[in-house]
Amino acid sequence: MENRIRKALIDAAPTLFGIELSESSIQFQQTRRDVEGDLTLVVFPFVKILHCSIEDAAQKIKAWVEENIEEISHCNVVGGFLNIVYKDEHWINRLQEIQNSERFGFSKANTKPTVMVEYASPNTNKPLHLGHLRNIFLGASVAEILKAVGHKVVRTQVINDRGIHICKSMLAWEKFSPINDKGERQTPSNTGLKGDKLVGRYYVEFEQALQKEVKIIVTDWQRGNFDNTKESVRDEVIKLQQTKIQKDQKAQDAIDEKIKELAKNQSSILQEAKDMLVKWEARDPQVYLLWTTMNGWVYEGFDQTYSQMGVTFDKLYYESDTYLLGKDQVMDGLKQGIFYQKVDGSVWIDLSADGLDEKLVLRSDGTAVYMTQDIGTAIDRFKDYTDLYGMVYTVGNEQDYHFKVLFLILQKLGYQWANNCFHLSYGMVDLPSGKMKSREGTVVDADDLMAEVIQKAKAMTQERGHLDGLGNLEKENLYRQIGLGGLKYYLLKVDPKKRMLFNPEESIDLTGNTGPFLQYAHARISTLLQKAIYKPQNLSSSAILKEEEKQIIKQLNLFESVLHEASKAYSPAILANYVYDLVKLYNTFYQSVKILSESDRELRQLRLSLSASVRQVLSSILGILGVDAPQRM
RNA sequence: GGUCCCGUAGCUCAGCUGGAUAGAGCAACUGCCUUCUAAGCAGUAGGUCUUUGGUUCGAAUCCAAACGGGAUCACCA
């Protein structure tokens, strides 16, 4: 409709104004809520072109539009704005189209290039936490958005399964695990603990043991005891200790940190972990078996968490599989002169011409760093999927710099697809008490949080008591749907780019802009349609629409463009805000008119059709957000 | 210090490709269940859009600076 009016105006301009109009001079916007109108033409640009008063220009266009465009009922002019009112027939026809369309708003599947979306990159030594929840819900939802606009999508995660941190858990388990009467160390099955939790516990034990050892070493050094310390380190420590005296508090702390670092390197337990990593890289059978076993426990634990979250993947990548490819790439790049080698053997890239710094890509001992692995993983993916067009990395914004560098390196290595790689950078989740810090024990565990939220949903649902006649299994399932739906919606409704505050109390609220609010509307429409035994029929276009009804059709009409906007911005939040507005409009309508008991049959059918269309869009968007849409609640 | 992100109601957030009187939710207060599910609806109150300049017919929105908050600048991942 908008385009039709624009085109008509451009065509008519020479006779109407005696001048050619450019497309950009015709600016439409949505009409303000409190003004009558379905579309608003901004008249200001015409003043310059036509050299007349704003009032004259507006009136002239008003007269012409009312006269010449069939579907327009009338217009009104307020200041520099021409508000155009469509005939009700137009909106009813629009509703009819929505009702008839197969998957309203969605593009045909697989009509756009294949995109891979990565949305979890857990370490295998720590259980998942609140930050992962935002990451994973966000990535999973973006994958659904891309599908909805026609992309073929591969959902993936990369598992950070190698490196010194894994060896730390392994070592601690060997050293510290109690042995039961059967002579076994602790396992998930003999403790009943989730595998990721068990392994995480030993990672913590390692860190504690390390800190203990560090403390002893530092104290020894303070007392001037350097018995077990290499000469070079001793000299460095003494030098640091001496410079410390003249500095201010902040500098002193920094020096203490440095001394601590040196002490860490002296500690026997860290040395053991390093030795273990060397053994692992050499595929030592015993170490390798331990690594496989403990990682297996973690994967099992993660799988449980993912299944509770309702999230799946199409393909998994393990860094242990890709880091060697990354190393090869670096060596190739070195030959091509993209990288350079320092005298100690370490390999670097100089990005200062691109406004960035120098970056290490391979250690002096030839082992891979984070960047090396990521280069390898990216290339591996494009080898696996030959039709792959681009990648979306859902990773926190603390890694903005890393991805800038990564994409630049891939470009320099000559990979065209590097231009289609996108870092979906999301903000951290803060707690009312501040940042989550594992050292201070303020990390919110994913499993605990989900359990809590479901429990809360149960209590609050029972309070309301709408559930007569449902079986226990159905009820439990519903509590889960509501609890998790609320949590997901809470994390997704905020612009992903922004840092957000997680308030445990608000996250399980049922009222206002929340998941359960939307789910409730869905359930209410569902039972309504069921009671009405609703079947889609052709609508009578002669009906006169109430304002509430028209508002809903207008909002429904926006769905497709909002979906595209969301895909361009990689933002489920855009859909969340849109659907919340839609449901609010629907609720207003629901409370102000009769539907089931409406005696006029055509009107009843219209209102049912409206309800059905709202439910369709609502359930589509809830699906994209990963929120379940219950039939009753 | 360099680079990047953010600053809108008491709180959490929309609005940002310039356009009308800046919107929601929570919290507070007032109404509405004999009528399709009140997890709802209607309403009251709450704002120097951090500040100062600039561009423009018009700025929360664009540009610059200042102030405040955060991230990042590892032979960690």
Side-chain angles (χ1 to χ4, degrees), chain A residues 27 29 31-35 40 42-45 47-48 54 78-81 83 121 123 125 160 162-166 261 319 342 344-348 355-357 359-371 373-374 396-402 404 425 427-428 430 432 435 457 460-461 463-464 466 482 486 490 493-495 497-503 505-506 509-521 523-532 573-574 576-578 580-581 583-584 586-598 607-608 611 632-633:
Chain A
Q27 289 177 29
Q29 66 185 49
T31 308
R32 278 177 63 99
R33 275 271 151 79
D34 50 355
V35 175
T40 294
V42 183
V43 190
F44 291 98
V47 176
K48 263 189 195 161
I54 191 126
V78 182
F81 301 92
N83 303 306
S121 33
N123 279 347
N125 57 344
N160 195 346
R162 66 165 281 281
I164 186 82
H165 52 286
I166 313 300
E261 270 311 304
E319 287 192 339
K342 290 194 176 170
D344 62 3
S346 57
V347 180
W348 297 72
L356 305 172
D357 302 318
K359 189 82 189 175
L360 178 89
V361 289
L362 212 57
R363 291 196 190 99
S364 53
D365 63 4
T367 56
V369 290
Y370 184 34
M371 190 60 76
Q373 295 170 13
D374 269 7
N397 63 10
E398 71 271 18
Q399 296 197 32
D400 286 354
Y401 185 73
H402 171 80
K404 243 190 219 169
S425 159
M428 301 210 153
D430 283 327
K435 215 177 143 176
M460 292 169 107
T461 303
E463 226 170 82
R464 283 167 172 85
H466 293 166
I482 296 170
Y490 183 82
K493 73 176 174 184
V494 182
D495 182 346
K497 291 196 290 286
K498 287 193 178 165
R499 201 184 177 86
M500 69 175 288
L501 188 87
F502 182 84
N503 185 329
E505 256 130 67
E506 282 176 23
D509 256 353
L510 306 179
T511 59
N513 189 359
T514 64
F517 172 89
L518 302 175
Q519 291 175 314
Y520 183 72
R524 206 159 59 165
I525 299 173
S526 295
T527 44
L528 176 76
L529 294 177
Q530 214 176 356
K531 281 185 185 167
I574 291 174
N577 287 313
Y578 162 80
Y580 173 61
D581 285 338
V583 167
K584 267 197 304 184
Y586 182 79
N587 284 346
T588 301
F589 157 81
Y590 181 88
Q591 305 262 351
S592 68
V593 302
K594 287 183 201 161
I595 303 173
L596 265 188
S597 49
E598 173 57 54
R607 288 176 183 164
L608 287 171
S611 303
R632 49 178 299 198
M633 65 187 275

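Predicted, not measured: the structure shown is a model, and the values here were computed from it. Throughout, protein chains are lettered first and strands after them, A, B, ... in sequence-line order, and every chain is numbered starting at 1.
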Distance-only donor-acceptor test (3.5 Å): side chain A:Asn83, base B:rA20: yes
Going by ring centres under 5.5 Å and near-parallel planes (under 30°), is A:Phe517 stacked on B:rA39? no
Do the ring centers of A:Tyr586 and A:Phe589 come within less than 6.0 Å of each other? yes
Is A:Asn587 touching bases, backbone alone, or none of the nucleic acid, heavy atoms closer than 4.0 Å? sugar-phosphate
It should be established whether A:Ser121 places a side-chain nitrogen or oxygen under 4.0 Å from OP1 or OP2 of nucleotide B:rA77. no
Any base atoms under 4.0 Å from A:Asp581, or only sugar-phosphate, or nothing? Heavy atoms, all strands. nothing
If a stem is a run of at least 3 consecutive Watson-Crick or G-U pairs, both distances under 3.5 Å, which stems include RNA chain B? B:1-7 with B:67-73, B:10-13 with B:23-26, B:28-32 with B:40-44, B:50-54 with B:62-66
Phosphate OP1/OP2 of B:rA38: any A:Arg524 side-chain N/O under 4.0 Å: yes
OP1 or OP2 of B:rG7 sitting under 4.0 Å from any side-chain N/O of A:Lys498? yes
Pick base, sugar-phosphate or nothing for A:Glu505, based on heavy-atom distances below 4.0 Å to the nucleic acid. nothing
Checking all strands, does A:Leu501 fall into the base, sugar-phosphate, or nothing category for heavy-atom contacts under 4.0 angstrom? sugar-phosphate
Are A:Tyr590 and B:rG40 stacked, counting the six-membered base ring, centres under 5.5 Å, planes under 30°? no
Answer with base, sugar-phosphate or nothing: what part of the nucleic acid does A:Thr461 contact at a heavy-atom distance below 4.0 Å? base
Any donor-acceptor pair under 3.5 Å between the side chain of A:Ser592 and the base of B:rA42? no
Under 4.0 Å between any heavy atoms, over every strand shown, what does A:Met633 touch: base, sugar-phosphate, or nothing? Just pick one. base
Does A:Thr511 reach a base, just sugar-phosphate, or nothing at all? Heavy atoms under 4.0 Å. sugar-phosphate
Under 4.0 Å between any heavy atoms, over every strand shown, what does A:Lys531 touch: base, sugar-phosphate, or nothing? Just pick one. sugar-phosphate
Mind checking A:Arg632 for me? I need base, sugar-phosphate or nothing, with any heavy atom below 4.0 Å counting as a touch. base
Respond yes when some side-chain nitrogen or oxygen of A:Arg499 is under 4.0 Å from OP1 or OP2 of B:rC6, and no when none is. no
